[in-house]
Amino acid sequence: MGLDTRTIIDSSAFSLGKALLEKETSSREICQAFLEQVDKVDGDVGAFISIDPEKILQAADASDARRSAGELLSPLDGLPVAIKDLIAIEGEPLTCASQILKDFKSPYTGKVGSELLSAGLIPFGRLNMDEFAMGSSTENSSFKLTRNPWNLEHAPGGSSGGSAASVAARECPWSLGSDTGGSIRQPASFCGVVGLKPTYGRVSRFGLVAFASSLDQIGPVGRCIDDVAVLLDVISGHDPYDSTSWPNQLDAASLSLKVPVEPGTLGLPKEYFGEGIDPEIRKNMEEVIENYRSLGFEIKEISLPHTELAVPTYYIIATAEASSNLSRYDGVRYTHRSDKAKDAVDLFYQSRGEGFGQEVKRRVILGSYVLSSGFYDAYYKRAQQVRTLIRDDFLKAFKEVDAILTPTTPTPAFRIGEKTDDPLSMYLADIFTISVNLAGLPGLAMPSGIATSGLPMGFQLIGQPFEEGRLLQIGQAYEGAHPFTATPELIQ
Amino acid sequence: MPEYEAVIGLEVHVQLKTESKMFTDAPTGFGEPPNSLTNAVVMGLPGTLPVLNKGAIEQAIRFGLVFGSEIPEMFQWDRKNYFYPDSPKNYQLTQLDAPCCMGGEVEIELAGPSRNQMGEHLVIHLDHAHLEEDVGKLTHFTKDSLVDYNRAGTPLLEIVTKPDLHSADQAVALLQSIRMHLTAAGVSDCDMEKGQMRCDANVSVRPKGQKSLNPRTEMKNLNSITGVKNAITYEIKRQTKVYEKGGRVTQETRRWDADAGRTSSMRSKEEAHDYRYFPDPDLLPVHFPRDRIEELAADLPERVFDRQRRYQDTIGLPYTVTSVICYDHELARYFEEGMAEYDANPKALANYVANELQRERSQAEGDGYLPMSQVKLDATALARMVKLIDEGKLTKQLAREVFIDMFATGNEAQAVMDEKGIKVEVQDAGELEQWCREAVAANEVAAQQVRDGNDKAVNSFIGPVMRASKGKANPQQVREVLLKVIHG
Amino acid sequence: MLLMQERPEVDIDKLAMLSRIQLTEEEKAAFSGQLSDILGFFQKLQEVDVEGIAPMAHPFDAEAPLREDEAAEPWAPERALSNAPASRENQVIVPKVVEDA
Ligand SMILES: [Mg+2]
Ligand SMILES: [Zn+2]
């Protein structure tokens, strides 16, 4: 066989799949190449919480045997995919980067996990994240720091920091993350990779450890649009085990990419271009807009008037749902159990006190507050009403435009430790991504430049519900004309 | 001193009869080995989600239809947040704002002056009934406790009455009526010993005539009929005494101690119970199809007391018989099956069901009754036996023996008769007339009474004729011939 | 009205109790201040006119699907308890439950 490590780790998943089909390489060779890269750089990057090379190579061998026998499970059979440590696959850890689940091995496989396995994809390690996906920097992991491959002093973003950093550092061809308020798009942007948050209901949440049920979606991270589209097609689809899964899904995103792109109209929400945006990001956005114009797209200013309400609305809904979702981690059935407990009730207090980190405690308590008697109407219910207003803003805008173009983040990746003391300023880092979750829309983050600091910058495209195909087409039009070719020094 | 009256409302939890759990496809069951009826969802593992059981919703709707509740257009599910080791998610999925059943009425019957007489009937109003999930089971030991999650997730219907009840007896009658109706409709087995029916009681006492309600106490998990009766009786007495001494009753939860026969304060911190309800984001609202509700309605059995009134008024069955047949849905169904086979003599059929059948079932089982599922004798076979009697092919006297055999073997009456060599011969007219003449001749006084218009006096001849025939004559035929002979 | 305060005070002990989380004194002090800041920031929502606006349950007017009442094979007890911190006779051990209603 015949591809060297460098070629393999520099290839997109899509082209690795092709090489496999043409028998230019083997699954073992591919997995070995990425395992070598993990060995080489993950000491610095820290993207993985755990990885089991032996198990991976066994799975690779099984895939290669299927290939020889002509029994491939899918054209992607044998490709490794790294997974954020909150997606359940039987026999794999499922720590959510929390001490409370540090020893947990999942006894079941969720929907996304079983879609991966039945396509022959190989689970390739468990990726670091903010504990229970609560955070925007991956600094809330209880296990380790993940560093931005472009500059190790900087955060990779979060909560899917491991998902973005591992792809940027060529430790895996692609990965899965989850996005509740920007947790795929913001780290993708910080790490110069492509990340997609699908429409709510497009990808099953069965097997996704819940942070905020009405906002969470699993999504793909990759180095190009093609990869993200292919991985989306693997994981999406209706699931009878998720009652919020959308039943009528016809669109195969990767097929949309095979037809020539029709330029359309892009909306620029004026509320997303106000104060607080880093000047370099602003300048980069102007270039992106210009580039789209020259590709034949019409650019139109629009308004999403309830935008400034998005962050408080989001934090009320997300913390309320989280406070209830995280009640099951109690020291009884499967979590860390405190040995200090005097009785069963004390077991709850002590196990949770020991098992949860600061941000999780803060959000659970905040969520308990907004749901508590006398406050429900003023907080949770009101937030759900405002959410309706926010969604309606978007639906109105989509009568005039095909997609909405915004910055993904107000600044490039911030320094590690820069925001840890001020939760509120951390919450504001998600200001451009949060509305998309509230409205349930698909959002695509793409890299579009390098700041003078050497850190990547990017933009976000927001699409219409279940129109991921069209959204990715628009992204691909840009990628085709202005490919993002920069690579972190770390991997050169 | 004023007279006091009790005001009682019940919250009754019944386990719905379903194959699978409320929010996942793990099986339901009782008495299985610990933690053998679970799956990822039951255990509340990270990443699991609920999916609604249509069968459980239909059972709840059946409940509503039986008791005339309104079935709202939309049902919604809420999370009730509280921590307990038997609760896998530490929240219970329940219906706070949009339950399956609104309102409704339960007809109850109080004990009559004697067992043979119907008691007073009352209508108790329901507030609503909502669906929720059961928790697991804790077993306590001296040093620790063990948790079995087999029961967790079993569909529960919580039935909430209006404060319409005024005595422990009424409360018990309500539970009995709910049980009769739900077992008949196949909604729940309501077996309190298996925890399939559990009761919380809210009790307050006020001077008669006072409109407003006094503070109430809540007694949780009264797990037997006697428990309900004794706890409420005790609590009414206790509160009445408090008022008589000029004291005040505090609104609180009290524990019923069945061994000591008293309730005691649980002194729980009230602020500890802030359930932080909110709509479950994992389960969207449901608009249950109205045409399916109509189908369910069309399929329900007749209400217990409606059936009883029908049997009394149109068939003329006595209370002693209807109270046996109608209050047990299996006997009622048995009787109806028999009627479908042969409906010319409902009284005789009903008597066999209420008396003979019950006697044999009782004898077959040391404690209680042989379950109907194990009764070999078919209702239609019993009906055919009644028909043979009416046709004069079997006498009542012989039928007694035939019935016992049929009950034991499940054989047809005719087969039993053939086997035993029983053949009721329609007597040749000469022989029968001869016996009748001899009997009349032996008792001229009675014969004269008959001639004078006292038809009943004919009965005194029937015995001797039957004896002469060695029991094989048909009494009906004997009667006819006797009248002919006497009247000449 | 409490909700209109710019920086609502929180009863951190009550919240810790509702959340069943043991907090250190330092955590209590830090969280109280931070929560008040965050709640102050939430006050923005109180100014919005939400009269007649339906709360959003799902972005796209979906309904919960209904599953037929059919039982699947349950898990073996060993699988159900595979992560249990303490078990005996296929049941989860918990420290003594002290009744609190
Ligand atoms: Mg209750
Ligand atoms: Zn209940």
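Lettering follows sequence order; numbering is per chain, from 1.
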| request: Measure distances from Tyr149(B) to the heavy atoms of chain C and classify the residue's part below 4.5 Å as side chain, backbone, both or neither. | output: side chain
| Roughly how far apart are Met17(C) CE and Phe83(B) CZ, rounded to 0.5 Å? | 11.0 Å
| Of the backbone (N, CA, C, O) and the side chain (C-beta and beyond), which part of Phe23(B) lies under 4.5 Å from a heavy atom of chain C, both, or neither? | backbone
| query | Taking only residues at least two apart or on different chains, which pairs with a member in residues 37-56 of chain B satisfy ring pair (Phe, Tyr, Trp, His ring centres under 6.0 Å)? | reply | none
| message | Please determine whether the number of non-hydrogen atoms from other residues, nucleotides or ligands lying under 6.0 Å from atom CZ of Arg198(B) exceeds 12. | response | yes
| field | Donor-acceptor contact present, side-chain Asp69(C) to main-chain Ser20(B), <3.5 Å | value | yes
| field | Side chain proximity check, Glu70(C) to Glu19(B), heavy atoms < 4.5 angstrom | value | no
| message | Between Asn53(B) and Arg67(C), is there a side-chain heavy-atom distance shorter than 4.5 Å? | response | yes
| remark: residues 29-39 of chain B vs chain C, non-hydrogen distance cutoff under 4.5 Å, contacting residues -> Pro34(B), Asn35(B), Ser36(B), Leu37(B), Thr38(B), Asn39(B)
| Min side-chain heavy-atom separation Val42(B)-Trp75(C) under 4.5 Å | no
| Given that the side chain runs from C-beta out, which part of Phe141(B) has a heavy atom under 4.5 Å from chain C: side chain, backbone, both or neither? | both
| task | Enter the distance from Leu18(C):CG to Tyr275(B):OH here, rounded to the nearest 0.5 Å. | result | 11.5 Å
| query | Excluding sequence neighbours, so at least two apart, what forms side chain to side chain contact (heavy atoms under 4.5 Å, CB included) with Leu300(B)? | reply | Arg62(B), Leu65(B), Val66(B), Ala185(B)
| remark: Okay, Thr28(B) and chain C: the region with an atom under 4.5 Å from a heavy atom over there is neither
| Using a heavy-atom distance cut-off of less than 4.5 Å, which residues of residues 80-95 of chain C contact chain B? | Ala80(C), Leu81(C), Arg88(C), Glu89(C), Asn90(C), Gln91(C), Val92(C), Ile93(C), Val94(C), Pro95(C)
| Main-chain N/O of Lys54(B) paired to Glu68(C) side chain as donor or acceptor, under 3.5 Å | no
